[in-house]
Enquirer: 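Handing you a structure now.
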Amino acid sequence: MANCQNCGYKWSYSTSLKKTFLRFKRSMECPNCGKKQYQSQQSLKRSSSLTLIPLALLPIAWLLDLEISTAYGLAGFLLLAFVLLHPFTLELSNEEQPLW
Ligand SMILES: [Zn+2]
């Protein structure tokens, strides 16, 4: 789980989840010290590769001749799994880092 890079405060699962998905900017405020935190580059890479999994599923669904609704259900399930697992991949940084 993520630790604030400014004060070392450990973000809880629900804090990480809310800060990640209920935001409009790239920055997230630490609930303890209020300093802006950003998702670290490594963590960004990890989460962006996770989002590719549902996409990779499409050709597989086509190959296996799955019903489109089954494929969508599977993609939805993976998306949910991604959202729920995201706090475990979250790492914080004091500065905004580019993805690549
Ligand atoms: Zn903090």
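All heavy atoms count here, side chains included; hydrogens, waters and symmetry mates do not. Counting starts at 1 for both ligands and their atoms, following the listed order.
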Enquirer: Relative to the ring of Phe88, is the ring of Tyr13 parallel (under 30°), tilted (30 to 60°) or perpendicular (over 60°)?
Expert: tilted
Enquirer: Under 2.8 Å from the Zn ion (ligand 1), how many protein N/O/S atoms can be counted?
Expert: 4
Enquirer: For the pair Gln5 (side chain) and Asn3 (backbone), establish whether a donor and an acceptor sit closer than 3.5 Å, ignoring hydrogens and angles.
Expert: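 At least one qualifying donor-acceptor pair exists.
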Enquirer: Do Gln39 and Ser47 meet the criterion of a side-chain donor-acceptor pair at a distance under 3.5 Å?
Expert: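 Yes, a side-chain donor-acceptor pair sits under 3.5 Å.
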Enquirer: What I want to check is whether the side chains of Asn94 and Gln37 have a donor and an acceptor closer together than 3.5 Å.
Expert: yes
Enquirer: Using atom types as modelled and distance alone, determine if a side-chain donor or acceptor of Arg46 lies under 3.5 Å from a backbone N or O of Ser49.
Expert: no
Enquirer: If only atom types and distance count, is the side chain of Lys35 paired as donor or acceptor with the main-chain N or O of Glu29 below 3.5 Å?
Expert: no
